[in-house]
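Order of the sequence lines fixes the chain letters, A, B, ..., with proteins taken first and strands second; residue numbering starts at 1 for each chain. As the structure is a computational prediction, the values presented were derived from the model and not from experiment.
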Protein chains: 2
Amino acid sequence: MSIADRKAREKEALKSLILKGAKKLFLERGIEQTTIRNIADEIDYSVGTVYVYFKDKNAILHDLHSIGFQELGGYFKELFTVKDPMERLKKMGIMYLKFAMENNEMYDLMFIVKAPMEFIESSEKEEWNEGIGTFSALRKTVEECIAIGHFKGHFAEPLSFMIWGLVHGMCSLEIRQRTKGVKFSNPDQILYQGYQEYLKIIEKL
Amino acid sequence: MSIADRKAREKEALKSLILKGAKKLFLERGIEQTTIRNIADEIDYSVGTVYVYFKDKNAILHDLHSIGFQELGGYFKELFTVKDPMERLKKMGIMYLKFAMENNEMYDLMFIVKAPMEFIESSEKEEWNEGIGTFSALRKTVEECIAIGHFKGHFAEPLSFMIWGLVHGMCSLEIRQRTKGVKFSNPDQILYQGYQEYLKIIEKL
DNA sequence: AATCAAAAATGAACATTGTTCAAAATAAAT
DNA sequence: ATTTATTTTGAACAATGTTCATTTTTGATT
């Protein structure tokens, strides 16, 4: 264990500390109301230090968005135990919805806020591995469904995208306050009711 | 025609001028890169004047979002000529997609950006009439479909919401750069391909 | 035509933001 | 003990939304 190693560890630790503080504030007061100064205050460091460890605010938002995908992975974990791809597909949607509803702010950051994508664009070579990985999980499940005879006449990739759009659309309408505007009979149930309609449909396919 | 009338007209005219300038800049450089000072410069008035005619930036964004709904209404106009509700439903989705793809920035403002909803919340009594109206058009069409025997076993409201979510989801993933991240075989076709999958499905219901 | 009051327009000033960077403080190496 | 490298700092800057006392313009009154 050299000193360089320890330093590297300390650097990582401080980076994590910044992210931890940022996440705490995000959940408390929302992404937009959280400033770099807030984050610095929260962890008792100066603004300057934050900029030593992160290129800019987008970099923080991007790292936090990655953490969000890890957390989504936790929700998806139990899907591996479901052997029937059709059952897995149905449950995957429920887990996605559940994650979105229990982690509004994180979901927003992962799938709606522009910053994480801007960061990826600005840092050249990198790709949106988090998104690619998550979509792959969906597409593979859909492919398995097709392989055992479901979704006759459909194509895996666009069908998967359609399904992603379906659940994401309901979640983002909710998170960005468009469901509150439209007065539903049962506002706090409409997401799951919508998903039920989807389930009825794919059960026939 | 009293002087008071003329003044009222002039007030309206200047309000429109501000909105027109704001929209021009939005389309040119995006919502987030447009400042009140930019808008004031664009129409050769001072910042202070803008604040005489609009309470704050959210108010401008809200009025512009309303204009967006009028424009969406234009896209929907030809739907009235379609008598068969099932055909109308299919075409409504296409028009919605078309509007979103041809008016990215306006769509974003109408269905993703928080500002318009914040404005409505802050101004008490008002409701999201634009959203209510648009959703009603969808739900009524779905109800007509049900009335002539389609969508057996489904409920109009949640099914309509699911359909809205489906198209909105694909549009917002595209607009907020999440489709560029995931490498599709045919990136610039994926929205319509996804919609095709949806069409195949509802044709069976 | 001159005067006054109301309405409209102004832009300097403020608070808050993200960001930078020379200087200070600390740690490591010699 | 001294020098060098690393880490941290916070004052300073530019940009933003917003306010409001002041100025300018307009309309009414005499």
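Taking the nucleotide of DNA chain C with the nearest heavy atom to each of A/I36 and A/T49, the more 5' of the two is matched to A/I36. Checking B/E10 against B/N58, the closest nucleotide of DNA chain D that is more toward the 5' end is the one next to B/N58.
Distance from the side chain of A/Y53 is smallest for D/dT7 among the nucleotides D/dT7, D/dG17, C/dT19. Comparing D/dT7, C/dG18, C/dA9 by their nearest atom to the side chain of A/T35 picks out C/dG18. Nearest nucleotide to the A/K57 side chain, out of C/dA9, D/dT8, C/dT19: C/dT19. Across C/dT17, D/dG10, C/dA9, the shortest atom-to-atom separation from the side chain of B/S46 is found for C/dA9. Comparing C/dT10, C/dG11, D/dT8 by their closest approach to the side chain of B/Y45 singles out C/dT10. The side chain of A/R37 has C/dT17 as its nearest neighbour among C/dA8, C/dG11, C/dT17.
Across the protein-nucleic acid pair, B/K11 atom NZ and D/dT25 atom P stand 20 Å apart, rounded to whole Å. The separation between B/D41 atom CG and C/dG11 atom C1' is 12 Å, rounded to whole Å. Distance A/Q33 CD to C/dG18 P: 11 Å, rounded to the nearest Å. Summarising the geometry, the separation between CD on B/E118 and C1' on D/dG17 is reported as 14 Å, rounded to the nearest angstrom. Rounded to whole angstrom, the span from the CG atom of B/L17 across to the C1' atom of C/dA8 amounts to 15 Å. If you take CG of A/N38 and C1' of C/dT17, they are 10 Å apart, rounded to a whole angstrom. Taking atom NZ of A/K55 as the reference point, atom C1' of C/dT20 lies 14 Å away to the nearest angstrom. If you take CD of B/E32 and C1' of D/dA15, they are 15 Å apart, rounded to a whole angstrom.
Less than 6.0 angstrom separates the ring centroid of B/F111 from the ring centroid of B/F69.
Distance check: B/I146 CD1 to B/L205 CG gives 11.0 Å after rounding to the nearest 0.5 Å.
When heavy atoms are screened at a 4.0 angstrom cut-off, A/F54 is found touching no nucleic acid atom at all. The residue A/I60 sits apart from the nucleic acid: no heavy atom pair falls under 4.0 Å. Across all strands shown, B/I39 has no heavy atoms under 4.0 Å from either base or sugar-phosphate atoms.
Using modelled atom types, no side-chain atom of B/R139 and backbone atom of B/E157 make a donor-acceptor pair closer than 3.5 Å. Side chain of A/E105 to backbone of A/I31: a donor-acceptor contact under 3.5 angstrom is found.
Within the structure, every side-chain polar atom (N or O) of A/Y51 is placed at least 4.0 Å from both OP1 and OP2 of D/dG10.
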*Check the pair B/Y195, B/Y198 against ring pair (Phe, Tyr, Trp, His ring centres under 6.0 Å), reporting the backbone distance first and the verdict last.*
CA-CA 5 Å; B/Y195 194 72; B/Y198 156 76; 5.0 Å; yes
